[in-house]
Undergrad: 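Here it is, the structure, as structure tokens.
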Amino acid sequence: MHSVFSRINNVSALLSSCMMALLAAIALSTLAFNADPKGDLAIASIKVYPGTARRYARTKQDLAFVDFNITADLTPLFNWNTKQLFLYLEAEYINTQGVKNDVVIWDRIVRRKEDASINVAGKNKYNFREHSASFKNVPPANYSLKYNVMPYVGYLTYGEIAKTAEPVAFPPSQPRV
Ligand SMILES: *[C@@H]1O[C@H](CO)[C@@H](O)[C@H](O)[C@H]1NC(C)=O
Ligand SMILES: *[C@@H]1O[C@H](CO)[C@@H](O)[C@H](O)[C@H]1NC(C)=O
């Protein structure tokens with residue numbers, strides 16, 4: 001009896017180490033797969049309007065509205081181990097208190113290679129506000145288009161597709177018309 005059990009144990013230990021080795025090989029092969037997606041990002045316009053911190057709140061907080069154009073070809077990121085892609089537009093700026101902020105203002109999940117050719121003229125999907133209340137005197141921000149690849153097996157990988165060539169200034173806040 002004892003030897004049967006220990007044999008089963010040995011076999012399953014062998015199988016699970018084979019499995020681990022296989023998974024590791026898959027993860028490594030995907031890392032070695034060096035895709036370099038290309039794209040462009042243009043900020044068409046930025047407007048800043050006065051707003052409030054929360055609905056019905058009295059605390060004032062500026063809201064920024066960013067119009068942008070994105071073209072990107074993400075098809076090189078699709079291989080047999082690509083479950084889905086997460087594409088996002090990030091604003092990076094340093095506020096008047098010297099705090100660095102990375103804010104995701106737009107994103108899209110791409111699940112199929114057929115949808116991986118991106119051509120969007122859009123505006124921010126998420127509220128873009130400055131917590132210290134105002135974008136006044138905040139130095140110009142950089143905008144970048146980034147992605148995560150979610151694989152079936154292995155680790156998330158990250159990358160940047162495009163970045164604004166020059167930082168983009170926040171205009172003065174104007175009353176909403
Ligand atoms: C963005 O796209 C719109 C609509 O296609 C176009 O009118 C505009 O000129 C483009 N702006 C930039 C900065 O590329
Ligand atoms: C924006 O990018 C430029 C050039 O890469 C860099 O020098 C600057 O520090 C960046 N600004 C912010 C706010 O990250």
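Remember, it's 1-based here, ligands and their atoms both numbered in the order they're listed. All residue numbers refer to positions in the sequence shown, counting from 1.
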Undergrad: What protein heavy atom sits nearest atom 5 (O) of ligand 1, and how far off is it?
TA: Ala121 CB, 4.5 Å
Undergrad: Using modelled atom types only, decide if a donor and an acceptor are shared between the side chain of Asn101 and the backbone of Val99 within a distance under 3.5 Å.
TA: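 At least one qualifying donor-acceptor pair exists.
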Undergrad: Atoms of ligand 2 less than 4.0 Å from Tyr93 heavy atoms?
TA: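 Listed by number with element, the hits are 13 (C).
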Undergrad: Minimum distance, heavy atoms only, to atom 11 (N) of ligand 2: which one of Asn142, Val168, Val138 is it?
TA: Asn142
Undergrad: Minimum heavy-atom separation for Ile46 and Pro171, please, with both atom names.
TA: O-CG, 3.1 Å
Undergrad: May I ask you to decide if the ring planes of Phe135 and Phe170 are parallel, tilted or perpendicular, using 30° and 60° as cut-offs?
TA: parallel
Undergrad: Run the numbers for me: atoms of ligand 2, each under 4.0 Å from some heavy atom of Glu92, listed by number.
TA: 13 (C), 14 (O)
Undergrad: Could you check whether any side-chain heavy atom of Asp73 comes within less than 4.5 Å of a side-chain heavy atom of Lys38, counting everything from C-beta outward?
TA: no
Undergrad: Which residue holds the protein heavy atom closest to atom 4 (C) of ligand 2, what is that atom called, and what is the gap in Å?
TA: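 The answer is Lys163 NZ, 4.6 Å.
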Undergrad: Starting from atom 8 (C) of ligand 1, find the nearest protein heavy-atom neighbour and note its residue, name and distance.
TA: Asn69 ND2, 3.7 Å
Undergrad: Hey, is Lys100 one of the residues with a heavy atom under 4.0 angstrom from ligand 2?
TA: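 Outside the 4.0 Å threshold, so no.
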Undergrad: Testing Ile109, Ile118, Val120 one by one against Leu87 for a side chain to side chain contact (heavy atoms under 4.5 Å, CB included), which residue passes?
TA: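 Among Ile109, Ile118, Val120, the one meeting side chain to side chain contact (heavy atoms under 4.5 Å, CB included) with Leu87 is Ile118.
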Undergrad: Heavy atoms of the protein only: does one fall short of 4.0 Å from atom 2 (O) of ligand 1?
TA: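 Yes, there is a protein heavy atom closer to it than 4.0 Å.
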Undergrad: Heavy-atom count check: over 12 atoms from other residues, nucleotides or ligands less than 6.0 Å from Glu166 CD?
TA: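 No, because the 6.0 Å sphere around CD of Glu166 holds 12 heavy atoms or fewer from other groups.
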